[in-house]
Amino acid sequence: MKNNFRRIIGIDPGLASTGWGVIDYAQNRFSLVNYGVIETPAREIHGIRLLKIFNSLNSILDEYSPTESAMETLYFAKNVTSAMGVSEARGVATLCLAIRGIPLGEYKPNQIKQAVTGTAAADKALVERCVKMLLGLKAEPKPDHAADALAGAITHANFTAISSRLKA
């Protein structure tokens with residue numbers, strides 16, 4: 001990669017709201033490219049909601065051309081019903097990335113919190129504040145699904161940078 005430039009998309013999958021965030025990483029510095037959410041109304045047919053996530057994410061991938069990606073691994077302690085929708089949205093996102101040959105880094109929620117904030121016990125507000133600081137933003141990225149996606153992208157940049165330095 002030219003000058004070790006990397007473009008990374010983080011994805012926070014959900015049936016109602018799939019967060020995404022694209023960052024550039026070069027010379028140990030992060031810069032924000034863009035972020036947002038793909039929202040699907042609960043009143044829509046289930047398959048149409050998944051298709052909207054697929055089409056929207058493909059448009060985002062077309063526009064920003066990331067070469068790497070990151071997603072949080074699934075973890076559900078309580079709500080099995082929401083786990084189904086999230087896992088389906090995650091499958092759609094994984095498919096979009098696989099079709100394009102974009103490598104996917106997967107991280108546990110506590111790995112992302114630790115990488116972005118310094119503590120695995122961080123709450124959403126602290127994650128948002130740290131993402132703001134790391135990307136040099138004027139305000140915390142909202143909604144939280146977009147902030148989580150950006151945190152995943154930052155984590156991936158850090159983990160893979162450390163990994164490549166250890167291999168050298």
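The analysis underlying the following values was restricted to heavy atoms, covering all of them including side chains, and did not include hydrogens, waters or symmetry mates. Given the structure is predicted, the values throughout are model-derived calculations rather than measurements.
The NZ atom of Lys52 sits 10.5 Å away from the OG1 atom of Thr18 when rounded to the nearest 0.5 Å. Between the CG atom of Leu57 and the SG atom of Cys96 there is a distance of 4.5 Å, given to the nearest 0.5 Å. Separation of atoms CD1 (Ile38) and CD1 (Ile53) is listed at 6.5 Å; rounding is to 0.5 Å. Leu51 contributes atom CG, which lies 11.0 Å from atom OG1 of Thr40 (distance to the nearest 0.5 angstrom). With rounding to the nearest 0.5 Å, the separation of CG in Leu150 from OG1 in Thr155 is 10.5 Å. Atom CD of Glu72 and atom NZ of Lys108 lie 12.0 Å apart (nearest 0.5 Å).
Scored by the salt bridge (Lys or Arg N to Asp or Glu O under 4.0 Å) test, Arg49 finds no partners at all (sequence neighbours excluded). Applying the ring-ring contact (aromatic ring centres under 6.0 Å, His included) test to Tyr107 and every residue at least two apart in sequence or in another chain returns His156, Phe159. Take Ser17 and apply the side chain to side chain donor-acceptor pair (under 3.5 Å) test, not counting sequence neighbours, and it matches no residue. Asp62 meets the side chain to side chain donor-acceptor pair (under 3.5 Å) test with Arg100; sequence neighbours excluded. For the side chain to side chain donor-acceptor pair (under 3.5 Å) test, no residue two or more places apart in sequence or in another chain qualifies with Gln111. Looking at residues two or more places apart in sequence or on another chain, you find a salt bridge (Lys or Arg N to Asp or Glu O under 4.0 Å) between Glu106 and Arg90. Legend: residues meeting side chain to side chain donor-acceptor pair (under 3.5 Å) with Asn34, ordered by chain and number and at least two apart, are Tyr64.
When all heavy atoms of Val116 and Ala151 are compared, the closest pair comes out as CG2-O, 3.6 Å. The shortest heavy-atom contact between Pro66 and Ile8 is CB-C, 4.3 Å. The shortest heavy-atom contact between Val92 and Leu50 is CG1-O, 3.9 Å. Closest approach of Gly21 and Ala153 over heavy atoms only: O-CB, 4.2 Å. The shortest heavy-atom contact between Gly36 and Ala146 is O-CB, 3.7 Å. Between Ala70 and Gly152 the shortest heavy-atom distance is CB-O, 3.3 Å.
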Quiz item: Leu61 and Leu97: side-chain contact (heavy atoms from CB on, under 4.5 Å), yes or no, with the steps?
Solution: CA-CA 8 Å; Leu61 295 172; Leu97 298 167; 4.1 Å; yes
Practice problem: Decide yes or no on side-chain contact (heavy atoms from CB on, under 4.5 Å) for Val86 and Leu15, but give the supporting numbers first. | Solution: CA-CA 6 Å; Val86 171; Leu15 186 58; over 6 Å; no
Quiz item: Are Leu104 and Thr94 close enough, and set up right, to give a side-chain contact (heavy atoms from CB on, under 4.5 Å), and what steps lead you there?
Solution: CA-CA 8 Å; Leu104 173 61; Thr94 302; 4.1 Å; yes
Practice problem: Start with the C-alpha gap between Lys113 and Leu126, add the side-chain angles, then the distance that decides, and say whether side-chain contact (heavy atoms from CB on, under 4.5 Å) holds. | Solution: CA-CA 9 Å; Lys113 291 175 184 178; Leu126 180 57; over 6 Å; no
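Among residue pairs with one or both ends in residues 123-132, those qualifying as side chain to side chain donor-acceptor pair (under 3.5 Å) are Lys124-Asp148, Glu128-Lys142; sequence neighbours excluded. Legend: ring pair (Phe, Tyr, Trp, His ring centres under 6.0 Å) pairs involving residues 110-148, not counting sequence neighbours: none detected. Residue pairs meeting the ring pair (Phe, Tyr, Trp, His ring centres under 6.0 Å) criterion with at least one partner in residues 36-58, sequence neighbours excluded, do not occur; the list is empty. Within the structure, salt bridge (charged side-chain N to carboxylate O under 4.0 Å, His left out) contacts touching residues 22-44 (residues at least two apart or in different chains) are Arg7-Asp24.
Ile23 and Trp20 are not part of a single hydrophobic cluster, where members link through side-chain heavy atoms under 4.5 Å apart. Under a hydrophobic-cluster definition in which Ile, Leu, Val, Met, Phe, Trp and Tyr are linked whenever side-chain heavy atoms come within less than 4.5 Å, directly or via other members, Val33 and Ile11 are assigned to the same cluster. By the rule that hydrophobic residues join a cluster once side-chain heavy atoms approach within less than 4.5 Å of another member, Val127 and Tyr35 end up as members of one cluster. Transitive grouping of hydrophobic side chains (ILVMFWY, heavy atoms separated by less than 4.5 Å) keeps Tyr25 and Ile9 in distinct clusters.
Applying the 4.5 Å side-chain rule to ILVMFWY residues, one finds that Val37 remains a lone member of its cluster.
Side-chain atoms of Pro109 and Thr73, non-hydrogen and from C-beta on, do get closer than 4.5 Å to each other.
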